[in-house]
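Here is the structure we will look at.
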Amino acid sequence: MKIEFANQSKKFKKRASIIVFVCLLIVLTVCYAFSSGFFTSERFGNSVNGFDESQDFVKIIDVGQGDSILIYSNGYSALIDTGLEEAGLDVCLELEKCGIEKLDVLLLTHLDSDHTGSIASIISNFGVSNLILPELSVESEGITRAELAINAITQSKGNVFTAVSGMNFRIGEFEFTILASFPNMPDENNRSVISVAEIDGKKFLFTGDMEAKAEKALLSEGLNLKCDVLKVGHHGSSTSSSKSFLNKVKPKYAAISVGADNMYGHPHREVLAAFENIDAKVYRTDINGDITFFVEDGIISCRCEK
């Protein structure tokens, strides 16, 4: 935002002594302001409407029983999943807070409604430069939503990609990589796109609703899966987060996107115990609200809404 100051043309008929006094008073006031820390980058940053554009962060947005994750760096943004249809307003408000007018990337991990429900709202309000989806299946619950999204983005001159292992791009300072997707798995959850975002040597692993069967397939790829932050698979269901997977991943932080008092009993007690056993700090959207992981100079800090 550029602020311009208009030139003043009025001539003030003041005596020189008064002018000198006023100037001296202004100088003293400004010097005091700087010495007191009022004019500091810590106070203002590069801010627009109170938002510091210099931040690098990953935010697990509280969308209830669903997933939506915002990655932001240097004015660039990516959104992983969109939550249920009724979460559309919350997601749009989060994007608006960050001054986002158009998403650089929208990644859908899989097509279940709790991950794709508000895609129409996102596209119509913000637009998308690049859409990444799993290989489409006519059996998928959200196939119609996905096809409409593809249509809308193509018509607006955006790009549409099928997720493949090794796909790589940057979101500001984040290096984003698609690790795997298993389109031949028989169920939607295990067809989730698995990805990682890395910045300053810190890794964030995103697993959609991947369950134990896909975890085993991923482990067989021989990839380095160790991460600092894990977005826990399938809302903390016991069908995910197997012991062998967690022992390989060993996150310092685990973030569970889950609805309060949900009918599935997520997150399951055995999953919470499993993270406790590997000394991972667990955050939950049903308890903590929005969960934001900031990265600065290679250090992760977490700030929760609640």
Side-chain angles (χ1 to χ4, degrees), residues 48-49 51 53 57-164 167-172 174 176 178 181 183 188-189 191-195 197 206 208-209 231 257 259 285 290 292:
V48 176
N49 297 326
F51 177 75
E53 293 179 302
F57 64 83
V58 173
K59 175 176 281 192
I60 316 298
I61 304 172
D62 181 11
V63 290
Q65 188 68 15
D67 270 19
S68 190
I69 303 156
L70 175 62
I71 300 171
Y72 182 94
S73 175
N74 290 345
Y76 295 92
S77 58
L79 189 69
I80 303 177
D81 294 333
T82 70
L84 288 161
E85 185 176 359
E86 53 265 35
L89 179 59
D90 288 336
V91 178
C92 287
L93 287 173
E94 287 297 333
L95 300 184
E96 190 178 65
K97 283 181 194 175
C98 300
I100 295 170
E101 296 180 355
K102 191 169 190 176
L103 285 165
D104 296 289
V105 173
L106 173 57
L107 168 64
L108 302 180
T109 59
H110 62 299
L111 302 186
D112 281 351
S113 60
D114 58 331
H115 291 251
T116 63
S118 65
I119 188 170
S121 178
I122 301 302
I123 292 172
S124 62
N125 283 285
F126 295 91
V128 174
S129 296
N130 299 282
L131 174 65
I132 303 174
L133 320 95
E135 191 172 308
L136 299 183
S137 168
V138 292
E139 299 174 356
S140 296
E141 173 190 334
I143 186 67
T144 302
R145 279 190 299 272
E147 289 172 340
L148 289 172
I150 290 169
N151 243 3
I153 291 170
T154 301
Q155 287 178 12
S156 65
K157 308 302 181 185
N159 304 306
V160 178
F161 302 94
T162 298
V164 293
M167 183 181 287
N168 183 278
F169 53 91
R170 297 196 73 87
I171 297 296
F174 284 96
F176 199 101
I178 304 297
S181 182
E188 191 71 26
N189 287 344
R191 292 196 287 267
S192 292
V193 175
I194 303 122
S195 59
F206 309 102
D209 276 356
K231 200 295 296 178
S257 187
T285 56
D290 294 341
T292 308

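Worth knowing before you read on, the calculation uses all heavy atoms, side chains too, and leaves out hydrogens, waters and symmetry mates.
Partners of Tyr76 according to the ring-ring contact (aromatic ring centres under 6.0 Å, His included) rule, which considers only residues two or more places apart in sequence or in another chain, do not exist here. Under the side-chain contact (heavy atoms from CB on, under 4.5 Å) criterion, Glu94 pairs with Lys59, Ile61, Lys97, Asp290, not counting sequence neighbours. Residues satisfying the side-chain contact (heavy atoms from CB on, under 4.5 Å) test with Thr154, not counting sequence neighbours, are Ile150, Val160. Considering only residues two or more places apart in sequence or on other chains, Ile123 meets the side-chain contact (heavy atoms from CB on, under 4.5 Å) condition with Ile119, Val128, Ala149, Ala152, Ile153. Qualifying salt bridge (charged side-chain N to carboxylate O under 4.0 Å, His left out) partners for Asp81, counting only residues two or more places apart in sequence or in other chains: none. Applying the side chain to side chain donor-acceptor pair (under 3.5 Å) rule to Asp62 yields no partners; only residues at least two apart in sequence or on another chain are considered.
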Item to complete: Given side-chain contact (heavy atoms from CB on, under 4.5 Å), test Leu89 with Leu93 step by step and report yes or no.
Response: CA-CA 6 Å; Leu89 179 59; Leu93 287 173; 4.1 Å; yes
Practice prompt. Starting from the C-alpha separation in whole Å, work towards a yes-or-no answer on side-chain contact (heavy atoms from CB on, under 4.5 Å) for Cys98 and Phe57.
Written response: CA-CA 11 Å; Cys98 300; Phe57 64 83; 3.9 Å; yes
Worksheet item: Under the side-chain contact (heavy atoms from CB on, under 4.5 Å) criterion, do Leu103 and Ser129 qualify, and how do the steps go?
Response: CA-CA 6 Å; Leu103 285 165; Ser129 296; over 6 Å; no
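Among all heavy-atom pairs drawn from Thr109 and Pro134, the shortest one is O-CG, 3.7 Å. Between Ser140 and Arg191 the shortest heavy-atom distance is OG-NH2, 4.1 Å. In this structure, Tyr72 and Glu53 approach most closely via the heavy-atom pair CE2-O, 3.7 Å. Nearest heavy-atom pair, Ile71 versus Ala197, reported as atom, atom and distance to 0.1 Å: CD1-CB, 4.3 Å. Among all heavy-atom pairs drawn from Ser192 and His110, the shortest one is OG-ND1, 3.3 Å. Nearest approach of Ile143 to Ser137, heavy atoms of both residues: CD1-O, 3.6 Å.
Remark: the backbone N or O of Ala78 is not paired with any side-chain donor or acceptor of Asp104 at under 3.5 angstrom. A donor-acceptor pair under 3.5 Å is formed between the side chain of Glu188 and the backbone N or O of Leu111.
Between Phe176 and Phe169, the ring planes are parallel. Angles under 30° get that label, and only those over 60° would be called perpendicular.
Here Ser121 contributes atom OG and Phe126 contributes atom CZ; the two are 8.0 Å apart, rounded to the nearest 0.5 Å. The distance from the OG atom of Ser257 to the CD1 atom of Ile69 is 7.0 Å, given to the nearest 0.5 Å. In this structure, OG in Ser156 is found 5.0 Å from NZ in Lys102, a value given to the nearest 0.5 Å. Residue Asp112 holds its CG atom at 8.5 Å from CZ of Arg145, rounded to the nearest 0.5 Å. With values rounded to the nearest 0.5 angstrom, Ile60 atom CD1 is found 6.0 Å from Phe206 atom CZ. Distance CD1/Ile132 to CG/Leu106: 8.5 Å, rounded to 0.5 Å.
Open room surrounds CD on Glu96; 12 or fewer heavy atoms of other groups in view lie less than 6.0 Å from it.
Using a 3.5 Å distance cut-off with no hydrogens or angles, the side chains of Glu85 and Ser113 do not pair a donor with an acceptor.
By the 4.5 Å heavy-atom criterion applied to side chains, Cys92 and Ile122 are counted as neighbours. Annotation: side chain of Thr144 is in contact with side chain of Leu148 (closest heavy-atom distance under 4.5 Å).
Tested against Leu70 for a side-chain contact (heavy atoms from CB on, under 4.5 Å), the candidates Leu79, Thr292, Val58, Ile80 yield a single pass: Leu79. Among Asp209, Asn189, Thr82, the single residue meeting the side-chain hydrogen bond (donor to acceptor under 3.5 Å, both in side chains) criterion with His115 is Asp209.
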